[in-house]
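Single-structure report; data block below.
For ligands, and for the atoms within them, numbers begin at 1 and follow the listed sequence. Computed over heavy atoms, backbone and side chain alike; hydrogens, waters and symmetry mates excluded.
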Amino acid sequence: MPTIEHTPGPRYRAIAQAIGDAITSGELAPEEKLPPQRRLADALGVTVGTVTRGYAEAEHRGWVSARVGSGTYVKQRGPARVFGGQSGMQTDDDTIDLSLSLPPPHPLREQAMSAALSALSTSAQALRRSVAYSSSQGSDDHRVYLAQWLEQLGMTLNAEEMLITQGGQHGISLALGTLLRPGELMAADALTYPGAISAAQQAHLKMVAIAFDQDGMCMEALKAQCARQPPRLIYLTPDQNNPTGICLSEARREQLVALARRYDMWLLEDGVQYLPAEQRGTPLYQLAPERTLFVFSTAKVLAGGLRMGVLRAPPVLLDRLAAGLRAQSWMVPPLMVDLVCHWVAQPATEELLAWQTQELAARQRLVSDYLAGYTLSRQPNGSNVWLTLPDGVRAQELCERLNQQGVKVTSAEPFCVGSAPAPQAVRICVGAAAHQAALVSALVIIRKSLEQPPLATETV
Ligand SMILES: Cc1ncc(COP(=O)(O)O)c(C=O)c1O
């Protein structure tokens with residue numbers, strides 16, 4: 001009979017942890033049966049449901065197994081030797097973390113992963129490939145297969161112009177490290193994806209912020225920058241800026257390409273933040289194939305943990321990029337690429353994407369309802385919302401206030417390029433909520449916090 005009253009966090013987790021501790025200390029031996037749930041519930045003063053959840057959590061962590069009609073038994077191996085444990089970033093059950101840009105959770109993701117792993121484990125070709133070195137660009141059949149899948153998602157990429165990367169972030173770093181020398185200038189929207197800012201810093205590049213409005217990057221501002229000092233490369237997320245959700249207008253795409261040609265600049269187009277094809281503009285890799293590198297990844301369509309993406313580049317750059325990739329890690333493990341190929345081969349993947357599109361639209365509608373009257377910027381099927389705060393509300397104070405109430409969002413600070421002042425705004429990642437009810441709880445808290453008067457400062 002464990003004591004759990006001093007263990008922090010939810011009761012069911014405390015029960016699971018107590019089981020793990022008892023196995024580690026030898027109090028519970030392998031094959032020993034756990035007490036009946038009703039008896040434990042009475043002894044601990046909790047409901048039977050809580051004990052059931054605690055046992056299920058211990059099973060999930062690999063410490064015990066339930067046998068139908070018989071009870072729950074300690075596994076042969078103790079927790080110290082069991083690999084794994086709690087999953088994900090979730091640290092506290094009560095926190096609603098809307099600070100990370102994630103696709104909405106759905107059991108189909110784990111199911112698809114499980115089915116793909118099973119298929120992979122019996123594929124002689126995949127197993128043979130998984131233990132061998134392969135080309136740094138990725139094997140031909142992997143690239144051809146991925147190009148076919150991307151075509152279904154509305155991205156027409158030539159397999160020969162693709163490199164397989166370990167996700168979108170890797171594609172960005174590889175492109176910047178290969179194309180630009182330390183000290184060279186790269187431009188981006190004044191608010192942009194923080195991973196691109198870090199990649200530029202790692203490559204010792206100078207970064208310049210270009211002003212933007214509701215139609216995306218301002219071409220007048222870019223033109224003025226080019227007249228002063230043309231950047232070597234412009235990084236953009238044209239369909240859906242992260243964090244603002246803004247889409248670069250068609251007219252500006254044309255102007256951008258004309259400027260890029262005039263000043264001989266590379267374009268790094270980031271399409272990782274997924275939108276259905278009909279909501280995307282004309283890709284820059286189509287408008288200016290000779291100077292556009294395009295980054296895509298499975299992170300926002302399948303799962304972030306897969307760490308797999310593609311980098312499309314003009315043919316003249318492929319050898320240099322492949323050499324860069326080889327110098328970093330020789331190649332992306334073919335095992336992961338095969339896993340992705342087996343994953344997308346399942347009909348459930350289409351079902352998952354269709355569900356996700358609807359789900360994000362429903363979540364965006366909830367935002368419209370609960371934050372009506374506030375200044376919001378987002379795409380109808382986007383996974384993020386950019387909330388410009390009303391006069392008098394400061395982002396840092398709001399974030400702290402929300403944090404105290406168990407809701408996490410992100411201020412503009414990490415998205416700022418250079419040293420320009422951060423606007424008073426926050427990014428809310430609606431996809432990250434466990435379900436719509438959790439999102440609603442967070443939105444109610446956000447709305448109430450926005451309505452509260454500011455706190456008097458304690459600084460003198
Ligand atoms: C715009 C953008 N690019 C790239 C990435 C990184 O993608 P990956 O997780 O595949 O490295 C993200 C992740 O949020 C993103 O929002």
Could you tell me, atom by atom, which parts of ligand 1 come under 4.0 Å of a heavy atom of [X]?
| X | result |
| --- | --- |
| Lys300 | 13 (C), 14 (O) |
| Asp270 | 1 (C), 2 (C), 3 (N), 4 (C) |
| Ser297 | 8 (P), 10 (O) |
| Val272 | 2 (C), 3 (N), 4 (C), 5 (C), 7 (O), 12 (C) |
| Gly167 | 10 (O), 11 (O) |

What do you reckon, is [atom1] of [X] surrounded by more than 12 foreign heavy atoms closer than 6.0 Å?
| X | atom1 | answer |
| --- | --- | --- |
| Arg394 | CZ | no |
| Trp355 | CH2 | yes |
| Asn403 | CG | yes |

Determine all donor-acceptor pairs shorter than 3.5 Å in which one atom belongs to a side chain in residues 143-161; sequence neighbours excluded.
residue, atom, partner, partner atom, Å
Arg143, NE, Gly138, O, 2.9
Arg143, NH1, Ala159, O, 2.7
Arg143, NH2, Gly138, O, 3.3
Arg143, NH2, Asp140, OD1, 2.5
Glu151, OE2, Thr156, OG1, 3.2
Asn158, OD1, Glu160, N, 3.0
Glu161, OE1, Arg312, NE, 3.4
Glu161, OE1, Arg312, NH2, 3.0

- Query: Tell me: protein heavy atom nearest atom 6 (C) of ligand 1, and distance?
  - Reply: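 Checking every protein heavy atom, the shortest distance to atom 6 (C) of ligand 1 gives Tyr193 OH, 3.2 Å.
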- Measure the distance from atom 8 (P) of ligand 1 to every protein heavy atom, then report the residue, atom name and distance (to 0.1 Å) of the closest one.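 The answer is Gly168 N, 3.4 Å.
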- Task: With heavy atoms under 4.0 Å as the rule, classify the contact between His170 and ligand 1 as side chain, backbone, both or neither.
- Result: neither
- What part of Gln169, side chain, backbone, both or neither, has a heavy atom within less than 4.0 angstrom of ligand 1? both
- Query: Are Gln346 and Glu351 close enough that a side-chain donor and a side-chain acceptor fall under 3.5 Å?
  - Reply: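 Looking only at side-chain atoms, Glu351 and Gln346 do not form any donor-acceptor pair under 3.5 Å.
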- Message: Distance alone, cut at 3.5 Å: any donor-acceptor contact between the side chains of Gln273 and Ser101?
- Response: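 Yes.
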- For Asp264, salt bridge (charged side-chain N to carboxylate O under 4.0 Å, His left out) partners two or more places apart: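 Per chain and number, Asp264 pairs via salt bridge (charged side-chain N to carboxylate O under 4.0 Å, His left out) with Arg291.
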- Determine the minimum heavy-atom distance between Ala187 and Ile210, stating which atoms define it.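 So the minimum-distance heavy-atom pair works out to CB-CG1, 3.9 Å.
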- Query: Would you say Arg307 touches ligand 1, if touching means a heavy atom closer than 4.0 Å?
  - Reply: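 Distance cut 4.0 Å: Arg307 passes for ligand 1.
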- Message: Geometry only, no angles: is Thr237 polar-contacting ligand 1 at N/O separations under 3.5 Å?
- Response: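 N/O-N/O distance below 3.5 Å does not exist for this pair.
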- Message: Ile172 versus ligand 1: do any nitrogen or oxygen atoms come within less than 3.5 Å of each other?
- Response: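 Between Ile172 and ligand 1, no N or O pair is found under 3.5 Å apart.
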